Each structure stands twice: as C-alpha cells, then as structure tokens.
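In what follows, chains carry the letters A, B, and so on, assigned in the order in which the sequence lines appear, proteins first and then strands, with residues in each chain numbered from 1. Computed from a predicted structure; not experimentally measured.
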There are 2 protein chains.
Amino acid sequence: MAEKPHRPTVKEVAQRAGVSPMTVSRTLSGGVNVKPDVQQRVMDAVAELGYHRNENARSIRPGHSSGLIGVAITNIANPYYSTFALGVEEEAALTGRRILLGNTSEDPGREAELVGDFLGRRVDGLIVVPASSTSGHLAHSQSQGVPVVLASRRVDGIEADSVVLADDDGAYRGTIALIDAGHTRIGYLGNTLSIFTGERRHAGFIRALEERGIKVEPALIAAGQQTVDQARDATRALLGMKNPPTAIFCANNRNAIGAVKEISQQLHVGIKTATDFPELMSFDDFELAELSPVPISVIDHDPRELGRTAARMLLDRLDGGDEDAAVREIELPVSLRMHVR
Amino acid sequence: MAEKPHRPTVKEVAQRAGVSPMTVSRTLSGGVNVKPDVQQRVMDAVAELGYHRNENARSIRPGHSSGLIGVAITNIANPYYSTFALGVEEEAALTGRRILLGNTSEDPGREAELVGDFLGRRVDGLIVVPASSTSGHLAHSQSQGVPVVLASRRVDGIEADSVVLADDDGAYRGTIALIDAGHTRIGYLGNTLSIFTGERRHAGFIRALEERGIKVEPALIAAGQQTVDQARDATRALLGMKNPPTAIFCANNRNAIGAVKEISQQLHVGIKTATDFPELMSFDDFELAELSPVPISVIDHDPRELGRTAARMLLDRLDGGDEDAAVREIELPVSLRMHVR
DNA sequence: CTGTTAGCGCGTTCAC
DNA sequence: GTGAACGCGCTAACAG
C-alpha cells in the first residue's frame with residue numbers, strides 16, 4: 001500500500017529492483033539484453049508498485065507518437081454517431097490507440113477549439129464529422145503532419161481522406177421507389193441544405209422528381225429541422241395542407257422519427273385512419289421503425305462500418321507508411337429496404 | 001505554408017519572434033512581465049506558425065496534470081450510455097478537460113486493460129460504468145491518487161464516489177403500479193442478476209410482489225438478456241406459456257424494446273388482438289416507446305444528468321481541494337410515467 | 001548484459 | 001522585463 005498516493009516512476013522501480021532505470025526500460029520494452037532473473041525482479045517491482053509507463057513522457061521523445069486519435073462528433077448522443085464512435089474506438093483499439101472524444105454540437109467554433117486542443121495533445125490523427133463549412137483548422141492540422149479523415153460529411157477547400165454515404169444515390173432510389181408506388185405529391189423533411197448530407201440527399205430527391213417529370217412544389221419541402229421536435233412541427237405543417245403529400249421523404253432519422261411521432265399522435269386523437277396519412281421513406285434506419293403506423297421504408301447503412309472505415313483510412317496513413325498517398329474519397333453504399341416490418 | 005510538415009515548438013516561435021523561449025512561455029501563460037509589444041510579436045509568431053503548446057510535455061512537469069479524464073463505458077452504442085457520455089463530456093469541457101473514451105463491451109478484462117492504459121496516460125481521474133465485480137484495478141487507480149467515480153453501477157470492495165439510480169425504488173414502484181392495476185401474474189425481463197442494476201431492479205420487483213402477497217413464480221422470471229434479440233426470445237417464451245403473464249416488467253430498455261418488438265410482430269402475423277397481450281412496464285424510457293401496441297409505462301430517468309453528476313463528483317475531488325473528503329454515494333431519483341402516449 | 005549521458009518541450013527558479 | 005539553467009519521465013546512443 002502506497003503511503004502517500006503517487007505515481008511511481010522508472011527510477012523508483014529501478015531502485016526497488018536494484019537496477020538502473022535503463023534496465024527497467026529495456027525490460028518493459030520486451031527485455032532484449034536483460035537477464036531473465038533480472039527481468040523477473042523488475043517485473044516484480046513493477047507489480048508491487050503498480051507502475052505504468054508515463055505515456056505522456058514517452059510521447060515527447062523524438063519519433064514517438066501519442067497513440068491518441070482525436071474524434072470530433074457533432075452529437076454523441078445521437079445513436080447514429082455513438083455507433084459510429086464505437087466503430088472508430090474498436091478499430092483504434094486494435095492498434096493500441098485511444099480516442100479523445102469531443103462533442104461539437106454542430107458548432108463550428110467549438111470544432112475549431114477542439115481541433116486546436118487535440119493538436120496540443122499531439123494526437124496522431126483526427127477523425128471529424130465536420131460541423132463547419134470552413135476548414136482552416138483542418139488544413140492547419142494537415143500542415144503539421146496530422147492527417148485528417150472526414151466522416152459522413154465533406155468540407156470544401158480541403159484535401160482530406162473522407163468516407164461518406166451514397167447520399168445522392170440513396171435519396172434518388174428511395175424517391176424513385178415512392179414514385180414507382182404511385183406517389184406524385186411527395187413531401188420532404190430534412191436538415192438544412194448548408195449541411196453536406198442535407199444538400200446531397202435533397203439533390204437526390206429533386207433529381208428523382210425531375211427525372212420523372214414531377215414538378216417540385218416548394219411548399220412540400222421542409223429543410224432545416226435538426227431535432228425530433230422540429231421535425232414534428234414540420235410534419236404537422238405538411239399534414240395540415242389543403243392538399244397534403246401522400247408520401248414523405250425523411251432525409252435522416254431525426255426527421256423520420258418526428259414524422260412517425262406526429263402521425264402516430266394524430267392517429268391517436270383524431271378520426272382519421274392510417275391510410276389517410278402519407279407513407280414514409282427514411283434515410284437512416286432507426287430502432288422500432290417497424291412500429292410506424294404507416295408503411296415505412298428505409299435507406300439503410302451501417303454507422304459502425306462508417307466509423308471503422310474512417311479509422312482504417314486514418315490508420316493506413318499513420319502505419320501504412322504511405323502518408324503521402326493520394327487522397328481517398330470513399331462513398332459507402334446504402335441499401336433500400338421497402339416496407340420494414 | 002510549412003515546408004515539411006511538423007509541429008512547431010517554443011523555440012521556433014521564440015526564434016521567429018526574436019525572443020527567448022521563456023518569453024514565449026510567459027506570454028502564453030498570461031503575459032505577466034512581458035512588454036505589450038513583445039507579446040504582440042510573440043502572438044504573431046504563434047499564429048504564423050500555428051503553434052500549440054505541447055500538453056504532453058507540460059503535463060510531465062511537477063504540479064501539472066494532463067487535463068484528461070478516462071471514461072470507460074460498457075457500450076457506447078447504447079443510446080443510454082452515449083447520452084451519459086455527452087453529459088460527462090459537457091461537464092468536463094467546462095473545466096477545459098478532455099475525455100479519453102474506452103468501450104469495455106461488458107468485459108472485465110478489457111476494463112482492467114483500459115484503466116491501466118488510462119493511468120499510463122496520466123488521467124486526472126476515472127469515470128467508470130463497471131463491467132466487473134472485481135475492483136483491483138480501480139483500487140489501484142485510487143492508491144495512486146487518481147480518483148474514481150462509479151456510474152450506474154457500484155462494485156464491492158472499493159470505496160469510491162458513485163452515482164447510481166434508485167433501482168430498487170423504481171422497480172418497486174413500477175411493480176406496485178402494475179399490481180394496483182389488477183395484475184397478479186407479472187413477468188420479468190432483465191439482465192443477469194450478477195450485474196448491479198440487474199440485481200437491484202430484480203430485488204425491487206420481488207419486494208413489491210412479496211409485500212402484496214403475490215407468490216413469485218420462477219417461470220415468469222427471465223433474467224440474463226443483454227440484447228434486444230435475446231429479449232425477444234425471452235418474451236416469446238413468456239407469451240407462449242399456457243398461462244402467460246398479463247403484464248411484464250422490463251428491467252431495462254434492451255429488454256423493453258425486445259418485448260415491444262416481439263408483441264408487435266405476433267400482433268402483425270397472428271389472430272390475437274392487442275388486449276390479448278400483456279401490458280408493459282419499462283425501467284428506462286426509450287425513443288418511440290409511445291408506439292407500443294400495448295400500454296406501456298416507463299420508469300424514467302436522465303442519462304445526461306447521470307453523466308453530469310458523475311463528472312461533477314470527480315471534478316469536485318480534483319478541483320474542489322477536498323480530495324480526502326468522505327466518499328459520496330448519490331442515488332438519483334427516477335419518475336414513474338404511466339401509460340406513455 | 002548493464003549503466004551513463006544526453007535531450008525531447010516546457011516552465012519554475014534564479015540571475016541580470 | 002528578460003534570459004539561462006535545471007529537471008520533469010523516459011529511452012536512444014554510446015560506453016563498458
């Protein structure tokens with residue numbers, strides 16, 4: 001039992017084992033050129049003292065890195081991103097690296113702050129779900145040799161590895177499916193077009209309509225909802241139109257859940273039946289989607305895989321040797337699942 | 001633009017500003033005893049070079065700490081814990097600290113590994129949702145002066161601050177509510193009793209039954225499901241009994257969601273109607289609970305607040321000065337919400 | 001096989 | 001107001 005709480009150092013271990021600090025260091029790094037019995041004594045001292053090498057001290061030495069990966073996410077509480085984070089963590093752990101997690105709350109200023117802090121902590125690399133359209137802080141990171149991988153969203157003005165979803169393609173196919181099912185008045189719920197995915201999914205949606213000769217009616221388009229409650233409000237507005245849509249395309253899970261909730265609620269208190277409400281298409285699967293009172297289809301994809309891929313891209317650059325390899329831009333496919341049960 | 005990517009040091013900034021490293025250091029620490037114009041030159045050099053103080057180097061100096069908090073969670077992908085993590089992150093960020101996040105996957109070995117790694121990185125403190133019943137690694141952390149806060153679950157054999165839910169009380173009240181509603185055959189779905197919350201919620205459930213003189217029927221008790229799929233299987237078994245329960249108490253969101261899914265599915269394919277199925281009581285609220293085909297009540301609580309509280313307890317010990325204060329054990333109240341709509 | 005020297009980036013201490 | 005020296009914990013490089 002340690003008298004006064006404190007973290008032992010190599011010196012103390014060395015003293016206790018009756019050797020020099022160097023021998024301790026060597027033993028801990030595999031034990032080359034250290035006699036077995038000496039190694040044993042060292043290991044005993046390590047165990048008795050509960051010694052852990054000070055990684056911060058190690059990391060300041062030339063050549064050594066911190067083994068830290070900075071991860072900046074817009075909202076960890078969103079199940080989609082928390083699963084993404086899990087994927088990153090798992091993959092990073094495989095190389096013994098740890099993740100430094102920061103929540104940006106979609107705030108570009110906070111993101112820049114976080115990145116600055118991460119750089120100060122000498123992270124090996126950065127994985128960012130960008131909240132901003134500016135990229136100064138990211139380019140800055142790169143200029144110091146700290147690679148950046150963008151996930152889910154890209155940012156203009158920066159050449160960085162990125163892994164995003166097939167937003168346009170998914171939205172297009174989902175919309176076409178609705179049209180093929182006979183819908184011509186299709187509502188749209190999504191987040192603001194200034195966000196990368198918002199813009200792309202909206203584009204895919206529009207492309208499908210135009211390709212099939214369906215006039216785009218601005219009143220049917222609601223873009224800008226970030227939360228479930230905002231999505232409910234927007235849904236209520238759509239449902240309240242004189243000539244409401246017969247289907248609604250939801251560009252993300254927040255908006256789909258808002259739509260499901262609102263429809264469910266109106267169904268509960270009102271006189272209408274389920275068939276009076278629009279059917280739904282959701283970009284993003286979500287738990288209990290199958291409970292929707294109206295038919296719902298999802299454009300599905302795997303956030304964990306997104307995280308794993310982002311981490312692997314970063315690790316490739318760190319460990320793969322080819323740090324100067326060309327920028328890679330990966331687009332993960334999505335799959336359309338009609339009428340989820 | 002830096003020629004060869006690299007992280008500038010105080011020396012380079014000093015050289016560029018035409019001063020000594022000390023002056024740079026002083027300027028960055030508030031600028032006492034540095035002439036304003038010199039400070040300006042230093043700040044300019046900092047900006048031009050994109051200099052960030054090396055926190056790892058700073059942290060090895062006596063008196064200084066890493067500003068890192070190690071957070072070990074059993075499953076980040078679980079929305080409950082990811083929201084918890086958000087609470088921790090927010091509170092930590094208020095003191096300029098960052099979180100080092102690790103996923104234990106309910107694996108005690110992994111947890112011990114993570115804690116060891118965190119100690120090596122000289123975290124200021126640890127926030128742990130323990131996966132283990134052993135506590136050697138946690139006691140070890142404390143013995144080195146690194147405080148530990150347990151969240152959601154406690155562990156025997158260790159004196160550490162902890163914040164948990166009123167598991168027993170919540171389960172008791174929820175069960176009483178079911179009994180008051182006329183139920184006498186009440187099923188139980190939960191995770192294994194070897195987990196802290198599993199044990200406590202089960203105890204509250206049993207206590208309510210016994211207090212009301214209802215015989216505990218082992219066949220109605222299913223404890224051990226960790227995933228939604230396992231919960232579905234257990235639900236199916238309960239529903240398939242010759243004399244099935246008229247209500248089911250679900251000890252956590254995974255089990256409640258499994259129950260909802262299974263009932264929903266059977267309702268969809270079968271000939272029975274909703275009233276043929278048991279009503280539900282869920283310890284944990286969850287998104288879209290109100291879509292349950294059978295009446296559902298929830299024992300609600302706030303994971304974000306749990307995270308905030310855990311972080312505050314830790315920060316109090318770190319910054320509050322009273323590091324030797326008595327151990328605090330907080331139990332957060334839960335609220336019963338009947339028939340969620 | 002083992003120990004000594006030196007230095008990573010930074011900031012306290014002490015001179016000037 | 002400013003700078004030089006020293007040492008934090010650790011480990012390559014160089015003795016021995």
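- Here the P atom of nucleotide D:dG9 and the CZ atom of A:R7 are 11 Å apart, to the nearest Å.
- When each of D:dG3, C:dC1, C:dG11 is scored by its nearest atom to the side-chain atoms of B:V19, the top-ranked nucleotide is D:dG3.
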For B:D319 and B:R312: C-alpha separation, side-chain torsions, deciding distance, then whether salt bridge (charged side-chain N to carboxylate O under 4.0 Å, His left out) applies.
CA-CA 10 Å; B:D319 302 332; B:R312 271 194 299 260; over 6 Å; no
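- Side chains of B:E106 and B:N75 form no contact here, defined as non-hydrogen atoms less than 4.5 Å apart.
- The existence of a salt bridge linking A:R328 and A:D316 is confirmed by a sub-4.0 Å separation between a basic side-chain nitrogen and an acidic carboxylate oxygen.
- C:dT12 atom P lies 12 Å from atom CG of B:L28, rounded to whole Å.
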Could you walk me through whether B:R304 and B:E90 pass the salt bridge (charged side-chain N to carboxylate O under 4.0 Å, His left out) test, one step at a time?
CA-CA 9 Å; B:R304 191 169 181 176; B:E90 289 174 334; 2.5 Å; yes
DNA chain C in dot-bracket, Watson-Crick or G-U pairs under 3.5 Å, [ ] crossing, | other strand?
||||||||||||||||
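- Distance NE2 (B:H64) to P (C:dG11): 6 Å, rounded to an integer number of Å.
- When each of B:S20 and B:A57 is assigned the nucleotide of DNA chain D with its nearest heavy atom, B:S20 is the one assigned upstream, toward the 5' end.
- No donor-acceptor contact under 3.5 angstrom links the side chains of B:T104 and B:R110, judged on distance only.
- Residue A:N33 is classed as a base contact, given a heavy-atom separation below 4.0 Å to a base.
- At C:dC1, none of the side-chain N or O atoms of A:T23 fall inside 4.0 Å of OP1 or OP2 (strictly under the cut-off).
- Across the protein-nucleic acid pair, A:L119 atom CG and C:dG9 atom P stand 16 Å apart, rounded to whole Å.
- The distance between atom CE of B:M22 and atom C1' of C:dG9, rounded to the nearest whole Å, is 13 Å.
- Atom CG of B:N54 and atom P of D:dC8 are 18 Å apart (whole Å).
- Remark: A:R61 is not in phosphate contact with C:dA6, judged by side-chain N or O atoms under 4.0 Å from OP1 or OP2.
- In this entry the distance linking NZ of B:K35 with P of D:dG3 reads 10 Å, nearest Å.
- Spacing between atom NE2 of A:H52 and atom P of D:dG9 amounts to 16 Å, rounded to whole angstrom units.
- The phosphate of C:dG11 (OP1 or OP2) has a side-chain N or O of B:R53 nearer than 4.0 angstrom.
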Check the pair B:H137 / B:E111 against side chain to side chain donor-acceptor pair (under 3.5 Å), numbers first and verdict last.
CA-CA 9 Å; B:H137 51 297; B:E111 177 183 310; 2.8 Å; yes
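- Using a 4.0 Å heavy-atom cutoff across all strands shown, B:R58 reaches sugar-phosphate atoms only and no base atom.
- In this structure, B:R26 reaches the bases: a heavy-atom distance under 4.0 Å links it to at least one base atom across the strands shown.
- B:H64 and B:E55 form no side-chain donor-acceptor contact under 3.5 Å, judged by distance and modelled atom types alone.
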